[in-house]
Number of protein chains: 2
Amino acid sequence: MTEQQPTSLRERQKEDRKARIIAAAKSLFLEAGLEKITMEAIAEIAGVSSVTVHNYYGTKSGVLLALVAESDRELLATLERGLRARGETLTDRVLGFFEIVCRHTQTHLDKAIWRQVIAASVSGTEPRFGKLYHELDNRLASVLIREVERMVGAGILPETVDPAHLGWALFNLQNARFIEFIAADGSSCEAGLQHLRNDLNALMPGGFPGR
Amino acid sequence: MTEQQPTSLRERQKEDRKARIIAAAKSLFLEAGLEKITMEAIAEIAGVSSVTVHNYYGTKSGVLLALVAESDRELLATLERGLRARGETLTDRVLGFFEIVCRHTQTHLDKAIWRQVIAASVSGTEPRFGKLYHELDNRLASVLIREVERMVGAGILPETVDPAHLGWALFNLQNARFIEFIAADGSSCEAGLQHLRNDLNALMPGGFPGR
DNA sequence: CAAAATTCTTTAGTCAATAAAAAATTTGAG
DNA sequence: CTCAAATTTTTTATTGACTAAAGAATTTTG
């Protein structure tokens with residue numbers, strides 16, 4: 001994530017502490033369940049006081065969001081790459097998007113963590129939090145928007161299509177199924193794909209809007 | 001809401017306590033903000049111990065869900081009634097659905113309460129909770145599904161449409177914008193409507209799928 | 001180098017949530 | 001009607017998230 005300009009000593013120390021904190025959180029998460037992640041435990045491993053963790057990340061969910069955000073760049077790269085290897089209908093692209101996000105989630109983090117993060121983003125107690133989370137959403141939605149733009153440019157979709165509107169609509173649709181996927185430990189990526197396929201077929205019978 | 005069979009004394013007492021608890025929560029919510037609603041305060045007004053409130057409703061959000069569920073029946077009635085007074089396109093019906101839900105929300109409860117409830121439904125710590133909330137969603141989605149069924153029956157939509165699939169897709173779309181509406185105190189019903197209109201136009205340019 | 005500014009830690013407290021023991025009360029048997 | 005058994009609530013105690021304020025360091029700056 002493009003570090004640069006190691007300005008003052010103070011700022012370097014702060015960056016270092018922050019890094020230690022999320023490293024501590026990650027290590028705790030790897031060796032035990034979410035229950036084991038207490039702010040005290042994180043603080044102790046990171047070598048700071050628990051108040052400092054709060055000051056940096058606001059809430060426990062804030063720390064978890066940092067974990068989520070870490071794998072964000074990687075997810076975006078995988079998306080850009082993986083989306084091309086799909087069918088040529090818009091439906092295929094959205095399904096591909098969903099599948100990549102789900103698999104990435106399964107590989108990199110626990111559903112329980114995502115639940116906490118999403119819940120916190122909705123409850124909106126922490127102002128910083130909502131902003132950060134919304135940025136992630138924006139970046140993800142942008143992938144779909146660019147995909148629509150590309151298809152309009154290639155003449156696959158008519159000029160009348162507004163890429164931003166269609167992209168966001170598709171993202172929201174997909175996101176609803178992602179949340180469903182996250183919500184229950186039992187629900188599989190395949191089930192989510194099937195549901196999303198049904199959604200898209202119902203709204204866009206031919207694989208494209210307004211056909 | 002259709003009381004019946006006052007079985008044993010114990011069960012009657014329990015129902016009475018439950019009623020007192022949600023009444024207490026409601027009174028507290030009316031005279032002060034969400035911050036003022038502590039489990040202790042609720043318990044004190046209801047004349048029970050705070051542990052009892054936890055035993056009955058699991059979490060504080062559980063109590064709030066009971067508040068939300070209370071106005072559920074009324075919302076459903078308003079929906080059935082109000083939806084008929086709309087335009088004849090599917091888009092118009094979905095927009096009407098969204099508008100009624102938003103206005104009902106504004107009238108009856110605070111956004112902050114909805115945020116807590118939705119967040120708790122996602123985080124899924126309390127198992128009973130997720131079940132209850134999902135039932136609310138099911139009832140709401142059913143309204144849209146029945147609307148689609150009606151339109152198929154009336155020949156407005158082709159027989160090839162699966163009402164359940166289309167109904168859920170539209171509900172999810174609408175719900176994403178509802179959550180957006182809830183998420184920020186500043187966001188208006190009108191802005192949500194505009195966003196949803198954009199979503200629907202992008203996916204169903206003619207006001208119906210596959211046209 | 002010393003005063004000033006910044007930042008962390010300590011300390012103390014509130015509140016949600018949970019567990020276990022203790023107390024009260026309904027219920028059911030005689 | 002009474003007393004033991006079953007159920008349920010309250011009491012008590014603890015953990016952990018989160019916040020506020022005062023105090024302790026340490027970097028920064030003149």
Side-chain angles (χ1 to χ4, degrees), chain A residues 6-21 24-25 28-29 32-66 112-113 115-117 119-120 123-130, chain B residues 6-21 24-25 28-29 32-66 112-113 115-117 119-120 123-130:
Chain A
T7 41
S8 70
L9 170 58
R10 277 208 160 117
E11 294 193 38
R12 259 176 292 137
Q13 288 174 323
K14 186 171 282 194
E15 287 310 310
D16 188 51
R17 277 186 220 108
K18 281 183 143 181
R20 276 184 352 242
I21 288 169
L28 277 173
F29 165 64
L34 188 57
E35 330 78 60
K36 281 283 161 32
I37 303 185
T38 74
M39 296 295 261
E40 270 302 337
I42 294 172
E44 189 172 3
I45 294 180
V48 296
S49 85
S50 68
V51 175
T52 297
V53 182
H54 273 109
N55 284 338
Y56 283 174
Y57 292 101
T59 66
K60 182 164 136 177
S61 301
V63 180
L64 299 184
L65 176 60
I113 286 189
R115 284 197 284 265
Q116 287 239 344
V117 169
S123 85
T125 45
E126 190 69 27
R128 306 174 257 179
F129 195 105
Chain B
T7 42
S8 71
L9 170 58
R10 277 207 160 119
E11 292 192 38
R12 257 176 294 139
Q13 287 175 320
K14 185 171 284 194
E15 287 310 310
D16 188 53
R17 279 187 218 107
K18 281 183 140 178
R20 272 175 6 234
I21 289 170
L28 276 174
F29 164 64
L34 188 56
E35 330 77 60
K36 281 282 159 34
I37 303 186
T38 73
M39 297 294 261
E40 270 303 335
I42 295 172
E44 189 172 3
I45 296 181
V48 296
S49 86
S50 69
V51 175
T52 296
V53 182
H54 274 106
N55 284 338
Y56 283 175
Y57 292 102
T59 67
K60 185 164 134 176
S61 301
V63 180
L64 300 183
L65 176 60
I113 285 190
R115 284 197 283 266
Q116 287 240 345
V117 169
S123 85
T125 45
E126 191 68 28
R128 306 173 258 181
F129 195 105

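Computed from heavy atoms alone, side chains included, the values below leave out hydrogens, waters and symmetry copies. Proteins get letters first, then strands, A, B, ... in listed order; numbering begins at 1 in each.
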Checklist entry - Looking for any heavy atom pair under 4.0 Å, which part of the strands does A:S49 touch: base, sugar-phosphate only, or nothing? => result base
Checklist entry - Rounded to the Å, how far apart are A:R128 CZ and D:dC18 P? => result 11 Å
Checklist outcome for this item: To the nearest angstrom, the CD-C1' distance between A:E11 and C:dC8 comes to 16 Å
Next on the checklist: How long is the straight-line distance from CZ of B:R20 back to OG1 of B:T52, given to the nearest 0.5 Å?
Outcome noted: 10.0 Å
Next on the checklist: Any N or O donor-acceptor pair under 3.5 Å from the base of C:dT6 to the side chain of A:R10?
Outcome noted: yes
Checklist entry - Taking only side-chain nitrogens and oxygens of B:Q13, does any of them come within less than 4.0 Å of OP1 or OP2 of D:dT8? => result no
Checklist entry - D:dT28 phosphate, OP1 or OP2: any side-chain N/O from A:S8 under 4.0 angstrom? => result yes
Checklist entry - Relative to the 5' end of DNA chain D, which residue comes earlier, A:K60 or B:S50, by the nucleotide with the nearest heavy atom? => result B:S50
Checklist entry - Closer to the 5' end of DNA chain D via nearest nucleotide, is it A:V51 or B:V53? => result B:V53
Next on the checklist: Distance check needed: D:dC18 C1' versus A:Y57 OH, whole Å only.
Outcome noted: 18 Å
Item to check | Spatial distance of atom CZ (B:R115) from atom CG (B:L64) [nearest 0.5 Å] | outcome: 12.5 Å
Checklist outcome for this item: Between CE of B:M39 and P of C:dT14 the distance, given in whole Å, is 19 Å
Checklist entry - Tell me: CZ of B:R12 to P of C:dT25, nearest whole Å? => result 17 Å
Checklist entry - So what does B:I37 touch, heavy atoms closer than 4.0 Å: a base, only the sugar-phosphate, or nothing? => result sugar-phosphate
Checklist entry - Rounded to whole angstrom units, what separation is found between the NE2 atom of A:H54 and the P atom of C:dG13? => result 19 Å
Checklist entry - Does any N or O in the side chain of A:K60 come within less than 3.5 Å of the main-chain N or O of A:I37, such that one atom is a donor and the other an acceptor? => result yes
Item to check | Atom-pair distance (CD on B:Q116; C1' on C:dC15), nearest Å | outcome: 13 Å
Item to check | A:N55 side, atom CG; A:K14 side, atom NZ - distance, nearest 0.5 Å | outcome: 8.5 Å
Checklist outcome for this item: Output for pair (B:I21 CD1, B:I42 CD1), nearest 0.5 Å, gives 8.5 Å
Next on the checklist: When you measure from the side-chain N and O atoms of A:Y56 to the phosphate of C:dC8, is any distance below 4.0 Å, counting only OP1 and OP2?
Outcome noted: yes
Item to check | A:N55 CG - C:dT6 P separation (whole Å) | outcome: 16 Å
Checklist entry - So which nucleotide from C:dT27, D:dA17, C:dA17 ends up closest to the side chain of B:L9? => result C:dT27
